[in-house]
Amino acid sequence: MEIHLERQTEQRLSLSAAFALSPSLSSSSTSSSRSSSSFQNDTFSFSGQNEDRSWYAPRLRFIDFLCDNGSEWKLAEKRFDQLSWTSVGSEPAVKWSNFAFCIGMSESEEFAYELLRALRRRKDWQIEITKSEFHNLWCRLSHSNVNSRTRILFDLCDRNMDGRVTKKDIKQIILLTASTNKLSVTHEEGEDYAALVMEVLDEGKQGYIELPQFEKLFKITSPNAISPLNKRSSNSLNGHSHDPFQESICEAEMLLRSQWRRAWMVALWLVICLALFYWKFIQYCRRMEFEVMGYCLSIAKGAAETLKFNMALILLPVCRSTITRLRRNLSLNSVIPFNDNLNFHKLVAGGIAVGVILHGGTHLVCDFPRISNCDKSIFQRTIASRFNYHQPSYLEILSTTETLTGIIMVTLMAIAFLLATKWPRRKSASLPRHPFSLTSAPQDTHLSMHIRNLGDWSYELYSLFHEGTSASKEYPKIFIDGPYGAASQDHVKYNHVVLIGLGIGATPFMSILKDVLNRLTGKCDGHTDNGKGSPSKSKTYLYWVTREQSSFDWFKDFMNDLTHSDQTQLAVEMHNFLTSVHHEDDVRSVLIRAIQALHYTRRGIDIVSKTPVSTHFGRPNWINIFSNLVQRHRGERIGVFYCGPSALARELEGFCTKFSTKTSTRFVFHKENY
């Protein structure tokens, strides 16, 4: 068995040697990312300096000039006024160290300081900033002219302000932008990336590049260089959207199609509960006790009958071994939503709660008072024999064994019910979430799992295996309970599958991708497809969104294997998104993006994931992604499997319903427990 335990640590590169600055703690706030659409060869051809560069002008975004620039300036002016002071006979001014706050880069102070140096041409840049100068700096930053923006970026690299950028200058700006975007780049890697830039741009081998050569670097950020595993769906990741809503069905029909299995199971359960209630209700309406307690007794006894049924049923949905065996039956699996077992367990628990309230409450507030207060002649004629011909008081009824044990049982049930809610189970700091995932395929000869190193137990497990790697120790013996079924097992029902994982939520889907690879390479002989189409005609998409660059190390070998054959590349598309990096058009990440594209084009390796799978910056644009899937798979069913926080699950499920309702493509949403 192969076990991977990942440390939750971050390695950050200190920039003290380069800038005598500390790393910043910046984060991405973008909602969409851009990518390119075709693979570029190793040969670059550049035209003259006077070429039209409007096609890549938006790639350099200092201040978002596409928005209402007037309102943006008002916000900047407001921040300036909050910190400014006015000396006698002078205009308002702020300290140079407040520049980052004033332009809205508080989380990237080091980069903002370097930007101020570039804007002031390194001359007396650490002096106070007057309001008129700040307005002038703002206008330069927000100007839409690409020549002006490229010049500022060039000056950002040109530390000596001599009009020449050396390999050392490029290395230093690479380290700065990497730290600003919370990327781990060693000095050796920075040296290598800088050498690559000089190799491509310094054609005369002069040891430096000037502004005309520097401008050519950003041609590489055009839609040209991209991983072969995600080049075909680049339009789903950038801003090129299209209207996919050409065919539609009514929302009621869509809900019926997507929820019919849930609906008939809930309806069956309700019918059984109502039938049992009605049967007992009618039965007690015909008994002698009805003359004393009336319909209160019938209601209490009807509720008691539903309690018997639900008490017998409550544990079945959480019997994991039983559910796993039942899931293997294709006929049952096609009509019973086994993936909703926990929801059905909660539904039955809700039925028990209603039954307890009706049964116990009716007895306490209706039946018992009627027994103690009814006419003695009626009592003697009907139910006196049950009480030894003594009409009890209300307190005497409460003190009976049956009533006391019932009250105790209800109290214990209430405690169990409260402890089963999300608040004590999910919010407790002492109970860490979401850490074991099987990552091997069903046909593999070994069992592989990834365990997140979070909490005392997993830390101890990590230590035991770490000690076992030494020659003098042995690996600990492991006993496994399971494995049990999961929602992702249903991927075999679909020709096309979309897998969406946030952070460690991508780990359950690695077994699916391995299963797809095994089917393509013929390693699954004798294994049924369960109705799924030919592997060569199926398509699997993985969208992995994470804020930690180190997360890509978990499956580095696997991502390398995905690019070994053209058949694999046609069947699998993998998209990595790193949210710690600023938007690809942001000045804080534009150089990293350019170097990423250059390095991938020349060497076929992404500098972020260190694999042939390229990384997109920021968060995915889900609307464009779903629109692209609609265009590529018209009239087909696509299984969407998600593992991550519930907030995005609701959003994705809404997209599945919307696009299934408004287009001819049907999206079926499945969620892993996270």
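Both backbone and side-chain heavy atoms feed into the values below; hydrogens, waters and symmetry mates do not.
- Nearest heavy atom pair, residue T177 against residue I174, reads OG1-O, 3.0 Å.
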When you look at L502 and W544, which way does the side chain to side chain contact (heavy atoms under 4.5 Å, CB included) test go after all the steps?
CA-CA 6 Å; L502 266 62; W544 185 6; over 6 Å; no
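- Nearest heavy-atom pair, L217 versus A594, reported as atom, atom and distance to 0.1 Å: CG-CB, 4.0 Å.
- Residues K168 and R159 have side chains not in contact (no heavy-atom distance under 4.5 Å, counting atoms from C-beta outward).
- Judged purely by distance below 3.5 Å, without hydrogens or angles, the side chains of S132 and E91 pair a donor atom with an acceptor atom.
- The NE2 atom of H135 sits 8.0 Å away from atom OG of S142, with the distance rounded to the nearest 0.5 Å.
- Atoms CD and CG, on E109 and L115 in that order, are 13.5 Å from each other to the nearest 0.5 Å.
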Full working for salt bridge (Lys or Arg N to Asp or Glu O under 4.0 Å) between R603 and D192
CA-CA 12 Å; R603 301 177 181 176; D192 180 52; 2.7 Å; yes
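- Every salt bridge (Lys or Arg N to Asp or Glu O under 4.0 Å) that D155 has, sequence neighbours left out, goes to R121, R151.
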Quick one, T166 with D169, criterion side-chain hydrogen bond (donor to acceptor under 3.5 Å, both in side chains). Give me CA distance, side-chain angles, the key distance, then yes/no.
CA-CA 5 Å; T166 65; D169 294 333; 3.3 Å; yes
Check the pair E110 / R588 against salt bridge (Lys or Arg N to Asp or Glu O under 4.0 Å), numbers first and verdict last.
CA-CA 11 Å; E110 295 85 353; R588 290 166 287 187; over 6 Å; no
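- Once rounded to the nearest 0.5 Å, the distance linking CG of L176 with OG of S108 reads 9.5 Å.
- Closest of all the heavy-atom pairs between D81 and S84 is O-OG, 3.3 Å.
- Aromatic pair F80/W73: centroids not less than 6.0 angstrom apart.
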Go through H582 and E107 one step at a time and tell me if the side chain to side chain contact (heavy atoms under 4.5 Å, CB included) criterion holds.
CA-CA 11 Å; H582 292 279; E107 74 282 8; 3.8 Å; yes
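- Rounding to the nearest 0.5 Å places CH2 of W554 at 10.0 Å from CZ of F552.
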Steps toward side chain to side chain contact (heavy atoms under 4.5 Å, CB included) verdict (V497, F641)
CA-CA 8 Å; V497 175; F641 296 84; 3.6 Å; yes
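- Geometric assessment of R164 against the ring of Y208 yields a positive cation-pi assignment under the 6.0 Å and 45° thresholds.
- Without hydrogens or angle criteria, S589 side chain to I592 main chain gives no donor-acceptor distance under 3.5 Å.
- Looking at every heavy atom in both residues, T579 comes nearest to R619 through CG2-CG, 3.6 Å.
- Aromatic ring centres of F667 and F626 lie closer together than 6.0 Å.
- Checked for salt-bridge contact, E191 and K171 meet the test: a charged N lies under 4.0 Å from a carboxylate O.
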Go through the steps for T611 and D557 under the test side chain to side chain contact (heavy atoms under 4.5 Å, CB included), then give the verdict.
CA-CA 8 Å; T611 71; D557 294 338; over 6 Å; no
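- Salt bridge annotation for E548-K182: absent, with no cationic side-chain nitrogen under 4.0 angstrom from a carboxylate oxygen.
- S550 and D553 are not linked by any side-chain donor-acceptor pair at a separation below 3.5 angstrom, with hydrogens and angles left out of the test.
- Within the 6.0 Å centre-distance limit, the rings of Y193 and H599 are counted as a close aromatic pair.
- Ring geometry for Y543 against Y541 counts as parallel: the plane angle stays under 30°, on a 0 to 90° scale with 60° as the upper cut.
- Taken from CD1 in I170 to CG in L201, the straight-line distance is 7.0 Å, to the nearest 0.5 Å.
- Using a cutoff of 4.0 Å between basic side-chain nitrogens and carboxylate oxygens, E199 and K205 are not scored as salt-bridged.
- A side-chain donor from one of D606 and S609 sits under 3.5 Å from a side-chain acceptor of the other.
- Under the 4.5 Å side-chain criterion, counting only non-hydrogen atoms from C-beta, L542 is not in contact with H575.
- For E77 and K74, the salt-bridge test fails: no basic side-chain N is under 4.0 Å from an acidic carboxylate O.
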Worked verdict on D202 versus K167 for salt bridge (Lys or Arg N to Asp or Glu O under 4.0 Å):
CA-CA 10 Å; D202 184 17; K167 184 174 76 171; over 6 Å; no
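- Judged purely by distance below 3.5 Å, without hydrogens or angles, the side chains of R547 and S580 never pair a donor atom with an acceptor atom.
- F134 and I103 make their closest contact through CE1-CG2, 3.8 Å (heavy atoms, listed as atom of the first residue, atom of the second, distance).
- Residues passing the side-chain hydrogen bond (donor to acceptor under 3.5 Å, both in side chains) test with Q82: none are found, sequence neighbours excluded.
- Note that CG of N98 is 8.0 Å distant from CD1 of I129, once rounded to the nearest 0.5 Å.
- By the 30° and 60° cut-offs, the orientation of the rings of F214 relative to F154 is perpendicular.
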